[in-house]
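Heads up: the structure comes next, in structure tokens.
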2 protein chains.
Amino acid sequence: MKKIINDPNQVVLDMVKGIAAAYPDSLKHLPDTMVLARKQPAGTEKVGLVSGGGSGHEPAHAGYIGEGMLDAAVSGEVFTSPTPDQVFEAIKAVDNGAGVFLVVKNYTGDVLNFEMAAELAEAEGIKVDHVVVNDDVAVEDSSFTSGRRGIAGTVFVHKIAGAKAEAGGSLEEVKSVAEKTVANVRSMGMALSSGTVPAAGKPGFQLADDEMEIGIGIHGEPGIERKAIASADEIAEELTNQVLADIDFAAGEEVAVMINGLGATPEMELYILNGKVQELLAEKNIRVYKTFVGEYMTSLEMAGCSVTLLKLDGELKELLDAPSQAPAFKM
Amino acid sequence: MKKIINDPNQVVLDMVKGIAAAYPDSLKHLPDTMVLARKQPAGTEKVGLVSGGGSGHEPAHAGYIGEGMLDAAVSGEVFTSPTPDQVFEAIKAVDNGAGVFLVVKNYTGDVLNFEMAAELAEAEGIKVDHVVVNDDVAVEDSSFTSGRRGIAGTVFVHKIAGAKAEAGGSLEEVKSVAEKTVANVRSMGMALSSGTVPAAGKPGFQLADDEMEIGIGIHGEPGIERKAIASADEIAEELTNQVLADIDFAAGEEVAVMINGLGATPEMELYILNGKVQELLAEKNIRVYKTFVGEYMTSLEMAGCSVTLLKLDGELKELLDAPSQAPAFKM
């Protein structure tokens with residue numbers, strides 16, 4: 001294992017400190033936690049938006065903290081759900097009377113722990129609600145999941161719920177747009193190679209030199225099929241068609257596209273893939289409103305990518321376009 | 001070689017098309033070229049800002065096209081200078097009477113070809129000037145370079161010269177802030193593994209499983225030393241100290257910091273490195289004005305990083321903070 005780290009068992013704390021050190025004007029690290037929270041102007045009353053999950057998916061989620069997106073992010077150990085007490089700390093830190101909304105990726109541990117944290121907070125009189133993101137169309141159940149997994153589409157939920165909260169939306173209104181986003185977003189990924197969890201010291205899985213895996217999860221959970229590596233055009237077709245097969249589009253409807261790198265894929269390759277994805281959507285008369293290409297939801301140094309489509313309406317477009325100061329999603 | 005590509009000899013054109021397809025509202029691909037240019041409002045009169053170089057360093061340079069930064073970027077073949085005729089096309093595309101300024105990284109081929117393009121343009125009556133960026137403190141001469149190499153610090157030159165041009169600065173004024181930035185910026189990098197040029201099909205160099213190279217270039221050019229992999233803290237110290245040794249700082253002076261990933265390094269590791277870099281600067285009473293962590297100047301899927309410091313004054317701070325709509329450097 002070759003990594004730029006100190007102690008393999010200390011990577012999350014070192015990372016959280018390093019993030020806080022990068023943005024001292026806008027972020028604070030809550031003492032004795034793995035929680036990063038936005039420095040709010042005193043007296044700000046808005047719904048607090050909290051997300052988090054296992055580490056190793058950076059910039060998810062701490063990179064999405066900022067005006068117009070998240071108020072706090074909780075970092076679990078690598079590929080491990082954060083504990084309820086950590087999530088509870090985040091909730092308390094961002095609550096200022098308007099309630100707190102949690103964006104949870106659909107992994108059994110995350111759902112359980114965020115729900116337990118919500119109960120702890122409600123017991124202290126804090127209004128809490130949540131949404132579970134399950135955008136991955138690849139497989140129904142998986143290693144860590146009952147039901148579909150939450151992957152890169154989660155970032156659109158952060159953006160849209162964040163914009164609604166920033167605009168003064170109530171807890172119910174934030175939940176409503178978050179649920180609409182979850183209903184409208186679909187993703188699918190593929191990998192060429194695995195990442196390495198620092199404490200494990202070796203790659204999570206092995207693919208042969210001529211092999212790829214379609215439908216893989218962001219922790220390396222099994223996908224649909226391992227097969228010979230295909231061209232970028234073929235990969236684009238396979239991912240895009242699977243996503244489109246899962247959601248109804250009327251001709252002329254608009255989407256946001258996210259071409260997400262999983263960690264070690266050169267941006268060159270993401271753009272090559274994007275060229276074909278855009279062509280396929282044009283052929284199907286699906287209009288692209290906005291495209292995002294980059295690393296938004298990674299899996300350590302996994303080589304691979306995912307394609308996400310978010311079906312838009314007027315409300316979602318407006319919220320997607322709203323300003324954001326989050327370092328990993330400035331708009 | 002495992003890559004998400006179609007034809008290994010066609011990657012640059014496929015990428016350029018994929019970039020244009022991602023940002024159709026703000027970018028255009030000049031027909032029959034490898035040039036991407038900003039769609040300007042008709043009648044805009046400002047100094048045109050052009051950069052470019054070999055491909056494989058994405059988001060450099062096309063990701064920096066946008067209001068407040070570059071007006072055009074020229075993509076050479078992977079790790080290969082763009083030809084003079086391509087640079088000339090870019091110059092013509094962005095000239096509107098105020099002159100064109102070129103930001104060139106210090107590689108022998110780039111310098112020659114951008115200078116030849118400038119001569120072609122001047123012969124047609126276009127005012128052209130340029131700056132050569134040589135921020136890499138690692139080695140004096142190198143495989144492709146006479147003098148120091150231009151690496152991640154180039155992105156700060158794009159930002160600052162771009163802001164000056166956007167604000168209506170003259171060609172002389174844009175050159176003056178670009179030169180000040182070059183005089184004030186220093187970088188140094190290290191790698192854990194090599195990237196693979198698609199047309200070559202195999203990694204550019206080999207490092208043993210317990211080895212790293214300090215001072216390596218963004219094309220894998222030899223650095224200062226190969227040695228056993230060190231901790232993130234030790235790497236941070238080595239890179240930061242070499243950068244600091246090369247430029248005078250008075251106590252209390254301010255810098256911008258860029259912690260740049262070379263392609264395959266998880267963002268987690270960049271933030272871990274950042275934690276120590278910030279600590280070292282604080283110990284030396286160097287005040288950090290702003291920090292940028294991410295992939296700004298890559299080397300395909302090389303694992304590794306670089307540390308860049310830019311010494312700031314009031315003018316540079318203002319230009320660094322100016323708005324930018326470039327996809328890879330939104331502010």
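Below, chain A is the first sequence line, B the second, and so on; all start at residue 1. All values derive from a computational prediction rather than experimental measurement. Computation of the quantities below employed the complete heavy-atom set of this structure, encompassing side-chain atoms and omitting hydrogens, waters and symmetry-equivalent molecules.
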Region of A/Glu301 in contact with chain B, defined by heavy-atom distances below 4.5 Å:
both
Check each atom of A/Gln325 against the heavy atoms of chain B and say whether the ones under 4.5 Å are side chain, backbone, both or neither.
neither
Proximity breakdown for [X] and chain A, heavy-atom pairs closer than 4.5 Å:
| X | value |
| --- | --- |
| B/Met190 | side chain |
| B/Ala208 | backbone |
| B/Tyr23 | side chain |
| B/Ala303 | neither |
| B/Ile229 | side chain |

Does this structure show an ion pair linking B/Asp321 with B/Lys290, if we count only N-O contacts that are shorter than 4.0 Å?
yes
Pair A/Glu254 + A/Lys317, salt bridge at N-O below 4.0 Å
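So A/Glu254 pairs with A/Lys317 through a salt bridge.
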Pick from B/Gln10, B/His57, B/Met302, B/Glu211: which one has the most heavy-atom pairs with chain A under 4.5 Å?
B/Glu211
Go through B/Gly63, B/Pro198, B/Pro59, B/Gly275 and name the one with the most non-hydrogen pairs under 4.5 angstrom from chain A.
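Of the options given, most contacts go to B/Pro59.
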Who wins among A/Leu207, A/Ile19, A/Asp14 for the most heavy-atom pairs under 4.5 Å with chain B?
A/Ile19
Do any of residues 257-274 of chain A come closer than 4.5 Å to chain B, heavy atom to heavy atom, and if so which ones, in number order?
A/Gly263, A/Ala264, A/Thr265, A/Pro266, A/Glu267, A/Met268, A/Glu269, A/Tyr271, A/Ile272, A/Leu273, A/Asn274
